[in-house]
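In what follows, a structure is listed as C-alpha coordinates, so that the remarks can point back to it.
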Amino acid sequence: MSVCFEVCPPRPGGEIPDRDARRVGTARKLAVAWLRFCGLEALVDDARLIVSELVTNAIQHGDGQQITMTMTVRDGLLHLAVNNETPGRPVARDAPSDAERGRGLFLVDFLAAAHGGTWGTDHDGATIWCTLAVDGRS
(Lines give C-alpha, C1' and ligand atoms only; values in the text may rest on other atoms or scores of the structure.)
Protein backbone atom coordinates (compact mmCIF):
# COMPACT_ATOMS: atom_id res chain seq x y z
CA MET A 1 0.00 0.00 0.00
CA SER A 2 1.27 3.45 -0.83
CA VAL A 3 -0.39 6.82 -0.30
CA CYS A 4 0.79 10.34 -1.15
CA PHE A 5 -0.61 13.61 0.11
CA GLU A 6 0.28 17.28 -0.12
CA VAL A 7 1.45 19.15 2.96
CA CYS A 8 1.97 22.80 3.83
CA PRO A 9 5.44 24.28 4.31
CA PRO A 10 6.69 23.99 7.90
CA ARG A 11 5.67 26.70 10.37
CA PRO A 12 7.94 28.31 12.94
CA GLY A 13 8.04 26.31 16.16
CA GLY A 14 7.00 23.09 14.44
CA GLU A 15 3.26 23.86 14.66
CA ILE A 16 1.30 21.63 12.30
CA PRO A 17 -1.52 23.28 10.31
CA ASP A 18 -4.98 21.77 10.89
CA ARG A 19 -5.13 20.36 7.35
CA ASP A 20 -1.85 18.50 7.89
CA ALA A 21 -2.93 17.27 11.33
CA ARG A 22 -5.91 15.69 9.59
CA ARG A 23 -3.48 14.04 7.16
CA VAL A 24 -1.78 12.34 10.12
CA GLY A 25 -5.16 10.97 11.21
CA THR A 26 -5.90 9.79 7.69
CA ALA A 27 -2.53 8.02 7.49
CA ARG A 28 -3.30 6.21 10.76
CA LYS A 29 -6.74 5.13 9.54
CA LEU A 30 -5.37 3.87 6.22
CA ALA A 31 -2.61 1.93 8.00
CA VAL A 32 -5.10 0.30 10.37
CA ALA A 33 -7.49 -0.64 7.55
CA TRP A 34 -4.66 -2.13 5.48
CA LEU A 35 -3.26 -4.11 8.42
CA ARG A 36 -6.69 -5.52 9.21
CA PHE A 37 -7.21 -6.41 5.54
CA CYS A 38 -3.89 -8.28 5.64
CA GLY A 39 -4.87 -10.14 8.82
CA LEU A 40 -2.25 -8.36 10.94
CA GLU A 41 -4.57 -7.26 13.74
CA ALA A 42 -1.86 -7.94 16.36
CA LEU A 43 0.25 -5.09 14.93
CA VAL A 44 -2.52 -2.50 14.66
CA ASP A 45 -1.98 -0.55 17.89
CA ASP A 46 1.79 -0.28 17.67
CA ALA A 47 1.85 0.34 13.91
CA ARG A 48 -0.78 3.08 14.34
CA LEU A 49 1.48 4.86 16.83
CA ILE A 50 4.56 4.41 14.61
CA VAL A 51 2.72 5.79 11.56
CA SER A 52 1.55 8.75 13.63
CA GLU A 53 5.08 9.53 14.80
CA LEU A 54 6.75 9.10 11.41
CA VAL A 55 4.16 11.12 9.47
CA THR A 56 4.11 13.87 12.11
CA ASN A 57 7.91 14.09 12.02
CA ALA A 58 7.87 14.21 8.23
CA ILE A 59 5.44 17.12 8.30
CA GLN A 60 7.19 19.01 11.11
CA HIS A 61 10.75 18.60 9.88
CA GLY A 62 10.40 18.32 6.11
CA ASP A 63 10.57 21.05 3.51
CA GLY A 64 8.81 19.07 0.79
CA GLN A 65 5.29 19.59 -0.41
CA GLN A 66 4.37 15.91 -0.42
CA ILE A 67 4.52 13.02 2.04
CA THR A 68 4.50 9.42 0.82
CA MET A 69 3.71 6.57 3.21
CA THR A 70 4.34 2.99 2.09
CA MET A 71 3.51 -0.27 3.85
CA THR A 72 4.50 -3.71 2.56
CA VAL A 73 4.85 -7.20 3.97
CA ARG A 74 7.75 -9.34 2.78
CA ASP A 75 10.11 -11.88 4.27
CA GLY A 76 8.06 -12.04 7.48
CA LEU A 77 8.35 -8.30 8.14
CA LEU A 78 5.98 -5.38 7.93
CA HIS A 79 7.89 -2.51 6.30
CA LEU A 80 6.65 1.01 7.03
CA ALA A 81 8.30 3.94 5.23
CA VAL A 82 7.59 7.68 5.12
CA ASN A 83 9.26 10.00 2.62
CA ASN A 84 9.13 13.78 3.05
CA GLU A 85 11.31 14.83 0.07
CA THR A 86 13.84 16.42 2.47
CA PRO A 87 17.31 14.94 2.83
CA GLY A 88 18.61 14.78 6.39
CA ARG A 89 19.20 12.34 9.20
CA PRO A 90 16.53 12.16 11.90
CA VAL A 91 18.06 11.50 15.29
CA ALA A 92 16.49 10.11 18.45
CA ARG A 93 17.36 12.55 21.21
CA ASP A 94 16.81 12.88 24.92
CA ALA A 95 13.84 15.09 25.69
CA PRO A 96 13.56 16.82 29.05
CA SER A 97 11.07 15.10 31.35
CA ASP A 98 8.68 18.06 31.13
CA ALA A 99 8.88 18.40 27.32
CA GLU A 100 5.67 17.89 25.36
CA ARG A 101 7.51 16.59 22.29
CA GLY A 102 10.79 15.04 21.22
CA ARG A 103 10.24 11.36 22.05
CA GLY A 104 8.82 10.10 18.75
CA LEU A 105 11.87 8.26 17.45
CA PHE A 106 12.46 6.68 20.87
CA LEU A 107 8.92 5.32 20.68
CA VAL A 108 9.53 4.05 17.14
CA ASP A 109 12.79 2.40 18.24
CA PHE A 110 11.16 0.79 21.28
CA LEU A 111 8.11 -0.52 19.39
CA ALA A 112 10.16 -1.82 16.48
CA ALA A 113 12.52 -3.66 18.84
CA ALA A 114 9.56 -5.08 20.78
CA HIS A 115 8.34 -6.63 17.51
CA GLY A 116 11.73 -7.96 16.43
CA GLY A 117 12.36 -5.11 14.01
CA THR A 118 14.38 -1.96 13.64
CA TRP A 119 14.27 1.50 12.05
CA GLY A 120 16.55 3.72 9.99
CA THR A 121 16.76 6.05 7.02
CA ASP A 122 17.58 5.69 3.35
CA HIS A 123 20.91 6.91 1.96
CA ASP A 124 19.98 10.64 1.98
CA GLY A 125 17.63 10.59 4.94
CA ALA A 126 14.51 11.67 3.02
CA THR A 127 12.83 8.35 3.87
CA ILE A 128 12.59 6.98 7.37
CA TRP A 129 11.58 3.34 7.67
CA CYS A 130 10.67 0.81 10.31
CA THR A 131 10.18 -2.96 10.32
CA LEU A 132 8.06 -5.16 12.56
CA ALA A 133 8.04 -8.96 12.54
CA VAL A 134 4.66 -10.42 11.53
CA ASP A 135 5.06 -13.76 13.33
CA GLY A 136 5.71 -15.85 10.27
CA ARG A 137 2.90 -14.38 8.13
CA SER A 138 3.86 -12.81 4.83
Side-chain angles (χ1 to χ4, degrees):
M1 183 222 16
S2 184
V3 62
C4 300
F5 47 90
E6 292 181 4
V7 292
C8 297
R11 292 185 177 178
E15 183 181 331
I16 296 178
D18 289 340
R19 181 186 85 162
D20 291 346
R22 287 190 300 274
R23 303 260 194 240
V24 175
T26 299
R28 283 192 303 259
K29 289 174 187 173
L30 288 169
V32 167
W34 187 81
L35 288 167
R36 287 185 173 142
F37 175 79
C38 292
L40 300 174
E41 183 72 35
L43 296 178
V44 164
D45 291 338
D46 290 343
R48 178 188 299 133
L49 180 55
I50 290 168
V51 164
S52 184
E53 294 298 334
L54 295 183
V55 172
T56 299
N57 282 353
I59 292 169
Q60 284 182 322
H61 302 294
D63 292 329
Q65 296 180 14
Q66 180 174 286
I67 301 288
T68 303
M69 179 182 76
T70 305
M71 297 177 68
T72 60
V73 176
R74 67 179 183 272
D75 301 327
L77 294 172
L78 168 65
H79 295 261
L80 302 160
V82 176
N83 179 288
N84 69 357
E85 301 180 330
T86 306
R89 297 276 179 212
V91 176
R93 56 191 159 125
D94 290 324
S97 61
D98 60 345
E100 293 182 12
R101 52 195 337 184
R103 295 175 188 83
L105 291 179
F106 278 115
L107 288 171
V108 171
D109 183 45
F110 177 81
L111 293 171
H115 288 279
T118 189
W119 71 277
T121 61
D122 67 352
H123 67 282
D124 69 356
T127 300
I128 187 166
W129 55 265
C130 173
T131 61
L132 308 174
V134 296
D135 299 325
R137 287 177 258 163
S138 56

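For the single chain, residues carry numbers from 1 onward in sequence order.
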*Decide yes or no on side-chain contact (heavy atoms from CB on, under 4.5 Å) for Arg36 and Val44, but give the supporting numbers first.*
CA-CA 7 Å; Arg36 287 185 173 142; Val44 164; 4.0 Å; yes
[Y] side chain reached by [X] side chain, heavy atoms, under 4.5 Å:
| X | Y | answer |
| --- | --- | --- |
| Thr118 | Cys130 | no |
| Ile16 | Thr56 | yes |
| Cys8 | Arg19 | yes |
| Val3 | Thr68 | no |
| Thr131 | Leu78 | no |

Transitively linked via ILVMFWY side-chain contacts under 4.5 Å: [X] with [Y]?
| X | Y | result |
| --- | --- | --- |
| Leu77 | Trp129 | no |
| Ile59 | Met71 | yes |
| Val73 | Leu80 | yes |
| Met1 | Ile67 | yes |
| Leu111 | Val108 | yes |

*Hey, which of Val55, Leu49, Leu54 is the one that makes side chain to side chain contact (heavy atoms under 4.5 Å, CB included) with Val51?*
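Per the side chain to side chain contact (heavy atoms under 4.5 Å, CB included) rule, the option paired with Val51 is Val55, out of Val55, Leu49, Leu54.
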At what distance, to the nearest 0.5 angstrom, does [atom1] of [X] lie from [atom2] of [Y]?
| X | Y | atom1 | atom2 | result |
| --- | --- | --- | --- | --- |
| Leu105 | Phe110 | CG | CZ | 15.0 Å |
| Glu85 | Asp63 | CD | CG | 10.0 Å |
| Ile128 | Asn57 | CD1 | CG | 6.5 Å |
| Asp46 | His115 | CG | NE2 | 3.5 Å |

*What pair of heavy atoms forms the shortest contact from Gln66 to Val7, and how long is it?*
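Nearest heavy atoms, Gln66 then Val7: N-CG2, 4.0 Å.
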*Would you name the heavy atoms of Thr86 and Gly64 that are closest together and state the gap between them?*
OG1-N, 3.2 Å
*Verify, without hydrogens or angle tests, whether Asp124 (side chain) and Ala126 (backbone) share a donor-acceptor contact under 3.5 angstrom.*
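Indeed, once roles are kept as given, a pair shorter than 3.5 Å links the two residues.
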*Check whether any side-chain N or O of Asp20 sits under 3.5 Å from a backbone N or O of Arg23 as a donor-acceptor pair, and report yes or no.*
no
*Could you walk me through whether Thr127 and Asn83 pass the side-chain hydrogen bond (donor to acceptor under 3.5 Å, both in side chains) check?*
CA-CA 4 Å; Thr127 300; Asn83 179 288; 2.7 Å; yes
Can you give the donor-acceptor pairs under 3.5 Å from side chains of residues 25-33 to other protein atoms, not counting sequence neighbours?
| unit_1 | atom_1 | unit_2 | atom_2 | d |
| --- | --- | --- | --- | --- |
| Thr26 | OG1 | Arg22 | O | 3.0 |
| Arg28 | NH1 | Ser52 | OG | 3.1 |

*Side chains of Asn84 and His61: is there a donor and an acceptor less than 3.5 Å apart?*
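No, no side-chain donor-acceptor pair sits under 3.5 Å.
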